There are 2 protein chains.
Amino acid sequence: MDAPRWLDEREDRAWRGYRRMRRLLDLELARELMQDAGLSEPDYDVLSDLSETPDQRLRLSELADRMLWSRSRLSHHLARMQQRGLVTREECPSDGRGSIVVLTPAGRRAIEAAAPGHVAAVRRHLIDLLTPEEMDALAALSHRVVDHLAGPDRGRAAPTAADPAA
Amino acid sequence: MDAPRWLDEREDRAWRGYRRMRRLLDLELARELMQDAGLSEPDYDVLSDLSETPDQRLRLSELADRMLWSRSRLSHHLARMQQRGLVTREECPSDGRGSIVVLTPAGRRAIEAAAPGHVAAVRRHLIDLLTPEEMDALAALSHRVVDHLAGPDRGRAAPTAADPAA
DNA sequence: ACGGGTTGGATGACATGTCAACGACTGGGT
DNA sequence: ACCCAGTCGTTGACATGTCATCCAACCCGT
């Protein structure tokens, strides 16, 4: 990295804007969600993913993969959610090590109560501010970035340079 | 919120893509930054903001405002960075309560060593993947979202509905 | 069926962030 | 000069996330 190619003004605008949006949008959405529904964003995401599933249940690692969380983090977080009665764990019949996360009725009620308000907030602070072209651009660009990050190494080590593993 | 207007497919693509990008991009940039320079992203941001300033020094609250951090968070974080010798605190001559955060030579060296690699990573994983149109769209859209969030209440309480404070 | 390597998940120690006080200081009104 | 509401920064308690490690159960070649 001898000649560092800095960001020009246009690139800088995009990068700084992205980061500021990221931070402010998150703060606001988290604030409203907590205030209106008593859920944190991580709570919401767990409940949301579970509720989208046919039986309201998922293997812990399957859920972790979908959410891009470490198993450890999910395990800790589920412990807290379990204490609040939002989810339970069941043994996995097909794999003695595994555990299955299940949405409780209270958990279902919580996500159903929270969802409309949360979606409205997402609209109010983001979606409804975008032109159709921007919406598509954001979708296209983000998916490209995601594919680029997921592609080269399938979620493993750094792909920077010569890699002795062929 | 009687008739919850859910996200249609196009909106959903944008929203999910954004969130996935957010997460993956962060993980990767943080990982590389830590590996290459031994800095966390928060470390980098603090050093970066300080180094952009004329005298390499800023009032704590000024820095906190720029970064959109709470004073408390910044105070804690500075304590850790101070222990590593990256910054120091000085008394503020004009305000007896205030404290001034100063970049140390070691801190300057750290940011100068880290910056080229970090910028390169930002390019590699984001900037260089965008078309010029997407770059401008991202800048425009993010700034609009930021203005919208900063506007109605100047970083104060919820702007949701009727507010008794006129 | 056994043994070695791998995976799923839990756990404890620790790093980090949030929130609610608190004490020090300021500045404006009297 | 003095009060006093508001601001600055720090602090401690707590919530959350990360990392290394552990154990049990799995897979697979023998």
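This one's a predicted model, so the numbers in the text were calculated from it and none came from an experiment. Just so we're on the same page: letters track the sequence lines, and every chain starts at 1.
Residue contacts for A:Arg59: at a heavy-atom cut-off of 4.0 Å it reaches the sugar-phosphate backbone alone, with no base atom in range.
Using a 4.0 Å cut-off between charged side-chain N and carboxylate O, B:Glu112 and B:Arg109 make no salt bridge. Ion pairing of B:Glu62 with B:Arg66 is present here, as a side-chain N (NZ or NE/NH1/NH2) and a carboxylate O approach within less than 4.0 Å.
Nucleotides of DNA chain C nearest to A:Arg97 and B:Pro42 differ in position, and the one nearer the 5' end is that of A:Arg97. Comparing A:Trp69 and B:Asp95, the nucleotide of DNA chain D nearest to each residue sits closer to the 5' end for B:Asp95.
The distance between atom CG of B:Asp65 and atom P of D:dG9, rounded to the nearest whole Å, is 9 Å. Between A:Glu41 atom CD and C:dG17 atom P there is a gap of 16 Å when expressed in whole angstrom units. One can place CG of A:Leu63 at 16 Å from C1' of C:dA10, the figure rounded to the nearest angstrom. Between the CE atom of A:Met67 and the P atom of D:dT16 there is a distance of 14 Å, given to the nearest Å. Residue B:Leu58 contributes atom CG, which lies 11 Å from atom P of D:dG9 at whole-angstrom precision. Rounded to whole Å, atom C1' of D:dT11 lies 15 Å from atom CG of B:Leu74. The distance between atom CZ of B:Arg73 and atom C1' of D:dG9, rounded to the nearest whole Å, is 17 Å. Look at CZ on B:Arg23: it is 9 Å from C1' on D:dG17, rounded to the nearest Å.
Residues A:Ser99 and A:Glu90 form no side-chain contact, since every pair of their non-hydrogen atoms from C-beta on lies 4.5 Å or further apart. Under the 4.5 Å side-chain criterion, counting only non-hydrogen atoms from C-beta, B:Leu129 is not in contact with B:Glu134.
Taking only side-chain nitrogens and oxygens, A:Arg80 comes nearer than 4.0 Å to OP1 or OP2 of D:dG17. Side-chain nitrogen and oxygen atoms of B:Ser61 include at least one within less than 4.0 Å of the OP1 or OP2 phosphate oxygen of D:dG9.
Candidate nucleotides D:dG9, D:dG17, C:dG9 were compared by shortest atom distance to the side chain of A:Arg71, and C:dG9 ranks first. Checking C:dT11, D:dT11, C:dG17 against the side-chain heavy atoms of B:Ser75 singles out D:dT11 as nearest. For A:Ser72, the listed nucleotide lying nearest its side chain is D:dA20; candidates were D:dC8, C:dG8, D:dA20. Ranking C:dA13, C:dA10, D:dG12 by closeness to the A:His76 side chain, first place goes to C:dA13.
For the residue pair B:Asp36 / B:His118, no side-chain donor-acceptor distance below 3.5 Å is found, with atom types taken as modelled.
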